[in-house]
Structure formats: structure tokens, C-alpha cells
K.L.:
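Provided herewith is a single structure, encoded as C-alpha cells, for subsequent inquiry.
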Amino acid sequence: MLEVEEWKYERERMVEEQIVARGVKNKLVIEAMQKVPRHLFVDKTYYPQAYNDYPLPIGNDQTISQPYMVAAMTEELKLTGKEKVLEVGTGSGYQTAILALLSHKVYTVERIANLTMKARKTLDSLKFRNINFAVRDGCMGWSDYAPYDAIVVTAGAPDVPTALIQQLADNGRMVIPVGSEYTQVLNRVEKRRGRVHRIELFGCTFVPLVGKGGWNN
Ligand code: SAM
């Protein structure tokens, strides 16, 4: 990834005050959050707010997730650099960048073509080479490249979509917000010897997962 000096001090402060202070411990996640220039994933008018402790608009009524949420979800995946990862909800591409630094290959799907186009442009300009993009309903996963060692869903679902459970590898981990359209609980789903284990982690608020197995369909 291309190194970007601008807003470095703000990035360090974000990591210290919002991420380490709240208990994220994984060194690789912390380093990745220090490296990725979050301001480049939002419109220029939002640059001064890019390292603040909240989500921001990215157009099409969608948001770039709060930095802490990105770090906490990524930490739950326990990535070592070897994994094949599926991300449902590319959005701005910010979490995609963090995942791409920490895994072997990222497959990211988004239902809104305009967001995929913008995210791809940003990630290409930062010289990421291990990301595959698709515009599709992520509730159905991306079966062509399954199974995945890790799956992250960045929108709130009524329940864990069956296709995503099917496409999770044995010993794989998934994080997904599950609940109502307005408030959810982050769930960690693991598959061990074909059996699914599900743990509720903490409360969160995401935009709805829209599609078959999501909302409005
Ligand atoms: N991690 C992203 C970021 O930091 O920019 C978060 C993006 S936002 C919170 C969630 C994204 O999920 C939105 O861009 C939305 O369009 C997308 N989304 C919602 N339902 C989807 C579906 N069924 N398939 C793929 N993407 C979906």
C-alpha cells in the first residue's frame, strides 16, 4: 500500500484515543489502522472529520463505519495474513483496505454500483492488488470463490443469511450485526467440524442489509 503522510498525527490520535483506549489489542489491526489514510475514503469536505469518533456519509444514503467499529470487527476475525476474506458491504472501501493489509485476498461485494466504483478508484490509487470487487446482493455471498476463512458483514441483518453460513470455511469466523433495522448486536459466528457456534458480542447500529435474507425484499 502507498504510504500517505497527510493527517498522520490525526490518525495516530484516532488509534490511541478511540481504538487502543477501548481495548483493541491486536498489534496487526492497530498497525493497519495507523497506516490506512481514512480521509481519502470520504468526500474532501469531510477530511477534517475523517478521524473523528463517528460514522460519516459517503453518498447514496450510506456511511463509512466508525473507526472503532472497523477495528473491533476486524480484530474478531483473528487474521494472520493467509486468509481468503469475504466482505459484504464495500461502502467507501475503508474496511476493505484494513482487511487487505491483514489477509491474503479480499472479495468485497456491494449492492450500489456507484459506491463500488468510488471504492475501487480509491483502493487502486493506494496500490492495493489483492482485492476483487463485485456489485451484487451480498446476502447470497459470492459462491464462485467460497469457502471463505473469514466473512465480515458491514450492514445490519435480521438474521445470519444461510448462504453466508454455507460459504464459511470449516474453522472460519464471521462477524455480522444482527437485530432490527435500527439497532443490532454484533454476532461472531464460527464453524467447527461443520457445526455452527454463535456468540453475541456488543450492541451496535448499522445501516440495513438490503436483499434476499436481509431487509426490504
Ligand atoms: N465498511 C464500510 C465502510 O467503512 O465504508 C461500511 C459501509 S456501510 C455501513 C454498509 C454498506 O453495505 C453500504 O454501502 C450498503 O450499500 C451495503 N449493503 C447493504 N445491503 C447489502 C447487500 N445485500 N449486499 C451488499 N452490500 C450491501
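By convention here, the first residue in the shown sequence is residue 1. Nothing here was measured: the structure is a model prediction, and the numbers come from that model. Order of appearance sets the numbers: ligands from 1, and atoms from 1 within every ligand. Side chains are part of it too, since the values below use all heavy atoms of this structure and drop only hydrogens, waters and symmetry mates.
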K.L.:
May I have the step-by-step check of side chain to side chain donor-acceptor pair (under 3.5 Å) for Gln18 and Tyr51, ending in yes or no?
P.N.:
CA-CA 10 Å; Gln18 302 170 34; Tyr51 297 95; over 6 Å; no

K.L.:
Give the numbers and elements of all ligand 1 atoms closer than 4.0 Å to a heavy atom of Ile64.
P.N.:
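Under 4.0 Å from Ile64, ligand 1 has these atoms: 3 (C), 4 (O), 5 (O).
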
K.L.:
Any side-chain heavy atom of Leu101 within less than 4.5 Å of one from Phe128?
P.N.:
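In contact.
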
K.L.:
Just to check, does Gly214 reach to within less than 4.0 Å of ligand 1 when the distance is taken from its heavy atoms?
P.N.:
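So Gly214 does not count as touching ligand 1.
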
K.L.:
Tell me which one of Glu87, Glu110, Gln66 gets a heavy atom nearest to atom 11 (C) of ligand 1.
P.N.:
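Going through Glu87, Glu110, Gln66 one by one, Glu110 has the nearest heavy atom to atom 11 (C) of ligand 1.
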
K.L.:
Quick one, Leu209 and Pro161 - any side-chain contact, counting heavy atoms below 4.5 Å?
P.N.:
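They are in contact (side-chain heavy atoms under 4.5 Å apart), so the answer is yes.
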
K.L.:
For the atom pair CZ (Arg136) and OG (Ser143), what is the distance rounded to the nearest 0.5 Å?
P.N.:
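With rounding to 0.5 Å, CZ (Arg136) is 6.0 Å from OG (Ser143).
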
K.L.:
If hydrogens are left out, which of Pro161, Ser65, Gly141, Gly59 has an atom nearest to atom 6 (C) of ligand 1, that is, the closest non-hydrogen atom?
P.N.:
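The residue whose heavy atom sits nearest atom 6 (C) of ligand 1 is Ser65.
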
K.L.:
Out of Ser92, Pro55, Gly89, indicate the one that has the non-hydrogen atom closest to atom 3 (C) of ligand 1.
P.N.:
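The residue whose heavy atom sits nearest atom 3 (C) of ligand 1 is Ser92.
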
K.L.:
Considering the heavy atoms of Gly138, write down every atom of ligand 1 situated less than 4.0 Å from one of them.
P.N.:
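Those of ligand 1 that fall under 4.0 Å from Gly138 are 22 (C), 23 (N), 24 (N), 25 (C).
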
K.L.:
Measuring from atom 13 (C) of ligand 1, which candidate in Arg38, Gln62, Met140 has the nearest non-hydrogen atom?
P.N.:
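Result: the heavy atom closest to atom 13 (C) of ligand 1 is in Gln62.
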
K.L.:
List the atom of Leu168, the atom of Lys191, and the distance in Å for their closest heavy-atom pair.
P.N.:
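Scanning both residues, the minimum pair turns out to be O-NZ, 2.8 Å.
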
K.L.:
Which of the numbered atoms in ligand 1 are below 4.0 angstrom from a heavy atom of Thr63?
P.N.:
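Those atoms are 5 (O), 6 (C), 7 (C), 8 (S), 9 (C).
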
K.L.:
List ligand 1 atoms under 4.0 Å from Val207, heavy atoms only on the residue side.
P.N.:
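Listed by number with element: 8 (S), 9 (C), 10 (C).
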
K.L.:
Return yes if a side-chain donor-acceptor contact under 3.5 Å exists between Glu87 and Thr154, otherwise no.
P.N.:
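Short answer, no.
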
K.L.:
What protein heavy atom sits nearest atom 20 (N) of ligand 1, and how far off is it?
P.N.:
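Closest protein heavy atom to atom 20 (N) of ligand 1: Val210 N, 2.9 Å.
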
K.L.:
Counting each atom of ligand 1 from 1 as listed, which ones have a heavy atom of Thr90 under 4.0 Å away?
P.N.:
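Those atoms are 2 (C), 5 (O).
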
K.L.:
Tell me, yes or no, whether the heavy-atom count around Asp61 atom CG, taken from other residues, nucleotides or ligands under 6.0 Å, exceeds 12.
P.N.:
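12 or below, so no.
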
K.L.:
Please list, in number order, the atoms of ligand 1 under 4.0 Å from a heavy atom of Gly91.
P.N.:
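Those of ligand 1 that fall under 4.0 Å from Gly91 are 5 (O), 7 (C), 14 (O).
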
K.L.:
For atom 26 (N) of ligand 1, grab the closest protein heavy atom and report residue, atom and distance to one decimal in Å.
P.N.:
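Minimum-distance protein heavy atom for atom 26 (N) of ligand 1 reads Arg111 N, 3.3 Å.
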
K.L.:
Charged N to carboxylate O below 4.0 Å: is that the case for Asp43 and Lys118?
P.N.:
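The answer is no: the pair does not qualify as a salt bridge.
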
K.L.:
Where do Val153 and Met73 come nearest, in terms of heavy atoms and distance?
P.N.:
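For Val153 and Met73, the tightest heavy-atom pair comes out as O-CE, 3.2 Å.
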
K.L.:
Any atoms of ligand 1 less than 4.0 Å from a non-hydrogen atom of Leu115? List them with their elements.
P.N.:
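Checking each atom against Leu115, I get 14 (O).
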
K.L.:
Hey, does Met33 have a side-chain heavy atom less than 4.5 Å from the side chain of Ile98?
P.N.:
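When only atoms from C-beta onward are counted, Met33 and Ile98 do touch, with a gap below 4.5 Å.
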
K.L.:
Any idea which protein heavy atom is nearest atom 10 (C) of ligand 1, and the distance to it?
P.N.:
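Nearest protein contact, heavy atoms only, for atom 10 (C) of ligand 1 is Thr154 O, 3.2 Å.
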
K.L.:
Hey, is Ile112 touching ligand 1 through its side chain, its backbone, both or neither, going by heavy atoms under 4.0 Å?
P.N.:
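The part of Ile112 near ligand 1 is the side chain, not the backbone.
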
K.L.:
Numbering the atoms of ligand 1 from 1, which are under 4.0 Å from a heavy atom of Arg136?
P.N.:
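So the atoms of ligand 1 that pass are 24 (N), 25 (C).
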
K.L.:
When you compare the side chain of Val4 with that of Leu126, does any pair of heavy atoms fall below 4.5 Å?
P.N.:
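Sidechains of Val4 and Leu126: in contact.
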
K.L.:
Is it true that Pro208 lies under 4.0 Å from ligand 1, counting heavy atoms only?
P.N.:
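Yes; Pro208 lies near enough to ligand 1 that a heavy-atom distance drops under 4.0 Å.
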
